[in-house]
Trainee: 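Questions regarding the structure given below will be posed in turn.
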Protein chains: 2
Amino acid sequence: MIDNIINLQKKIVPELTNLLVERYKVLRQVSNEQPIGRRALAAKLNLSERVLRAQVDFLKNAGLLVFSTSGMSVTEEGNNILRELADYVQKLQGLSSLEQYLLARLNIKQVVIIPGDSDKEPVVKREMGRAAARQLLILLKESKCNIVAVSGGTTLAAMAANISGNFPETVVVPARGGLGDTVELQANTVATVLAQHLHASYRQLYVPDSVSQEVLRSILAEDEGVRAVVDIVKHANILVHGIGRADVMARHRHLPQPFIDKLLAEGAVGEAVGQYTALDGSQIFMTNNAGLMMQDLPQIGTVIGVAGGKSKAKAILAVSRATRQDILITDEAAANEMANILSNGQ
Amino acid sequence: MIDNIINLQKKIVPELTNLLVERYKVLRQVSNEQPIGRRALAAKLNLSERVLRAQVDFLKNAGLLVFSTSGMSVTEEGNNILRELADYVQKLQGLSSLEQYLLARLNIKQVVIIPGDSDKEPVVKREMGRAAARQLLILLKESKCNIVAVSGGTTLAAMAANISGNFPETVVVPARGGLGDTVELQANTVATVLAQHLHASYRQLYVPDSVSQEVLRSILAEDEGVRAVVDIVKHANILVHGIGRADVMARHRHLPQPFIDKLLAEGAVGEAVGQYTALDGSQIFMTNNAGLMMQDLPQIGTVIGVAGGKSKAKAILAVSRATRQDILITDEAAANEMANILSNGQ
DNA sequence: CCCTCTCGGAACATTTTTAGTCCCACAAAA
DNA sequence: TTTTGTGGGACTAAAAATGTTCCGAGAGGG
């Protein structure tokens, strides 16, 4: 019920959660160090004196703060409010602290957590897609000329469907060759849809999945078009990829059952851009295909990983450890489970 | 619990309410008339095209609206949100609709309802005082030169304590002569404190309470100072007064018990500026003192009544019916009880 | 006693946001 | 075909937020 309201508000008036938290922080800080002056307080809170002043003036008018010559103090009413606000703010920004935790533990530059569980509520997957879209747009706006590589999957498809912009200089390519999947979820399709929504151009990469090493080599050697696209892909400066469970993806790719058993026995839990990794981040197996491989990732400007659902927690952890991730977009269920695993020392 | 959160938010991020309700209304209106265009929608909602545009752009980015060449429509997710928002908004602006109701039934220009019950929570009384202060400041800003008359009482004292401004042209006077009360709550004291907080000047009115008609006449005849102040009081253009229960105030003023019994038997329930009124607004008795009387109120520019608590509901009703009130500041408990009484046809 | 330091308050310039007002291409209806 | 409505873009004026700077008051140390 209460969580419902918080989510509702985050959805429809997201700018106010920040405001509430900021005012709460000001009030709390004053409470801790009263009486304290504007400048000292501004320094403590990393706010400019002027914006802090706007806040304290508001709090003063609301009767929560009093000013005196020695500084500001919290009124009795302010203390009451502060006490009541505490757990509300906790819930409100509970995800933020989770974000900070994962960010530190996984050495990722930015973590975005969408409330909910995408295993249970499809809407969460859409929201993750939207969040990924937001991040991508920010990156695109920074430099107009970009090569964006994308993988397939429902979340990435949701991202492509929910983005819009105007970046005619940008080229969108699939990160790897085609995966025998529903057309809408293939990387090629995602790249096309994304490019159309961004008013960007796109290139396709038609390479059948799980071909033998020799066939792949001959394709690359003979097919001028494929080689050109692969060359573009290798120079991508943004990669947006989904993360899958090793077992699910292996079955999905119709690997032979004995091979799957071996893979899992060796500890493979996560998959991203064709590579299967164990929980500790070690590489177990890599599918054979054209396009980006994990060893290419460090050369890419920004890597955005997107995946959610409690069931994918281990997969996300594995992939995050295996390669550099710059931005991780996940959901509450996965984030909580990941924090659980991490705090149990694994 | 939920009410608690709403109050908390109204206190610390009051701008949230308006924004949320506005966006809700936009979403609802689109839902009713989809597909509809910006201009038509703006006209329906009495918004300028530009501000409406800001809102629909937000709702579009949030994935709640979709735009097409034929107009805007609500997405499936938007419909879900709309359904969930409905009762939340109801609660959020529940007081607003109460305000509208009282405003219409009592023929008052403006009604302000503070959440809570001042009988039970002292903080509500403070909030009423603050609300009264806000209204007073608005009035004072409209015209720099003013005579403000105030009555006594805890709420009015709270108002005086919680106001601040700079109105050197303004004169603050007590509405009536002194009431044998705690000094802090006397009209004279309230006037003084108020004047100091407003940087205004003030005049005192020292007339003992419940003197005989003759003594009062002789005071007015002989005491130049009192007469001068009374003259100022009569020309007040703003009156802020409390409203009391007839029985409480009668005892408070030490009227003889048989007289009190008679008063109550005749139906007196409310008291304001020395006048006892019945529920239907008829005048039962008027104390004998210098200063404003009820028949003077129509000549005064703006009359602000302040009172709260369920126990005072009848008193507020009685006084509101007896004389013109421009602004009524009360609390949730009193407002609810008043609405009850009104809807029972009394 | 004075000196100094920090306080709140306030003024001003600048930047950023918001709002008012057009115009345009396009699609659907007439 | 014209007309009417749509979303989208663009430009400008107004307003709000913010950065910057200064001031006098009062507390506290010398």
Side-chain angles (χ1 to χ4, degrees), chain A residues 13-16 18-19 22-23 26-27 29-30 32-75 78 137 141 162-168 196-199, chain B residues 13-16 18-19 22-23 26-27 29-75 78 137 141 163-168 196-199:
Chain A
V13 279
E15 53 270 55
L16 290 203
N18 303 326
L19 190 58
E22 191 175 326
R23 286 185 181 157
V26 171
L27 198 55
Q29 197 72 26
V30 174
N32 282 338
E33 316 201 29
Q34 55 189 318
I36 185 175
R38 271 197 325 233
R39 287 166 262 261
L41 191 58
K44 289 267 182 187
L45 291 167
N46 275 324
L47 293 175
S48 84
E49 184 189 333
R50 197 61 182 73
V51 306
L52 178 115
R53 188 175 170 180
Q55 304 300 350
V56 294
D57 280 351
F58 169 87
L59 292 171
K60 177 193 171 194
N61 278 329
L64 307 181
L65 284 184
V66 284
F67 291 7
S68 77
T69 59
S70 58
M72 299 171 279
S73 319
V74 180
T75 64
L137 281 178
K141 275 172 191 159
N162 283 298
I163 204 171
S164 82
N166 191 30
F167 300 93
Q196 284 166 348
H197 279 93
L198 288 176
H199 298 97
Chain B
V13 276
E15 50 271 59
L16 168 141
N18 306 324
L19 190 58
E22 191 175 326
R23 285 185 181 159
V26 171
L27 199 54
Q29 197 72 25
V30 173
S31 172
N32 282 338
E33 317 202 27
Q34 56 189 319
I36 186 176
R38 272 195 327 231
R39 286 166 263 263
L41 191 59
K44 289 268 182 186
L45 291 167
N46 276 324
L47 292 175
S48 83
E49 183 192 333
R50 198 62 181 74
V51 303
L52 177 115
R53 193 173 173 175
Q55 302 300 352
V56 294
D57 280 352
F58 168 86
L59 292 172
K60 176 192 171 195
N61 279 328
L64 308 180
L65 286 183
V66 284
F67 292 7
S68 74
T69 58
S70 59
M72 301 172 277
S73 318
V74 180
T75 64
L137 282 178
K141 274 173 191 158
I163 202 170
S164 83
N166 191 31
F167 301 94
Q196 285 167 345
H197 279 93
L198 290 176
H199 298 97

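Residue numbers start from 1 in every chain, and the chains themselves are labelled A, B, ... in the order their sequence lines are given, proteins ahead of strands.
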Trainee: What is the separation between atom CZ on B:F58 and atom C1' on C:dT17, rounded to the nearest whole Å?
Mentor: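 About 17 Å, once rounded to whole Å.
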
Trainee: Take A:A54 and B:A40, find for each the nucleotide of DNA chain D with the closest heavy atom, and name the residue whose nucleotide sits nearer the 5' end.
Mentor: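 Looking at DNA chain D, the more 5' nearest nucleotide goes with B:A40.
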
Trainee: Let me confirm one number: the CZ-CZ distance from A:F67 to A:R38, rounded to the nearest 0.5 Å.
Mentor: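 So the CZ of A:F67 and the CZ of A:R38 are separated by 8.0 Å.
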
Trainee: May I have the distance from A:D57 (atom CG) to C:dA11 (atom P), rounded to whole angstrom?
Mentor: 13 Å

Trainee: When the distance from CD of B:Q55 to C1' of C:dA19 is rounded to whole Å, what number comes out?
Mentor: 12 Å

Trainee: How far does CG of B:L65 sit from OG of B:S31, to the nearest 0.5 angstrom?
Mentor: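 Result: 9.5 Å between the selected atoms.
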
Trainee: Within a strict 4.5 Å, meaning less than it, do heavy atoms of the B:V56 and B:L41 side chains meet?
Mentor: yes

Trainee: On DNA chain D, which is the earliest and which the latest nucleotide, 5' to 3', with an atom closer than 4.0 Å to a heavy atom of chain B?
Mentor: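 For DNA chain D, the relevant span reads D:dT6 to D:dA10.
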
Trainee: What string of B, S and - do you get for nucleotides 20-26 of chain C, 5' to 3', when a contact is any protein heavy atom under 4.0 Å?
Mentor: BB-B---

Trainee: Rounded to the nearest 0.5 Å, how far apart are CZ of B:R53 and OG of B:S48?
Mentor: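 Going from the CZ atom of B:R53 to the OG atom of B:S48 covers 11.0 Å.
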
Trainee: Taking any heavy-atom pair under 4.0 Å as a contact, classify A:I36: base, sugar-phosphate, or nothing.
Mentor: sugar-phosphate

Trainee: B:Q55 versus B:L27: any side-chain heavy-atom pair under 4.5 Å?
Mentor: no

Trainee: Kindly compute the distance separating CD (A:E22) from CG (A:L45), expressed to the nearest 0.5 Å.
Mentor: 8.5 Å

Trainee: Nearest 0.5 angstrom please: B:F58 CZ to A:E15 CD, how far?
Mentor: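 So the gap between those two atoms works out to 5.5 Å.
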
Trainee: How many angstroms lie between CG in A:L52 and CE in A:M72, if you round to the nearest 0.5 Å?
Mentor: 6.0 Å

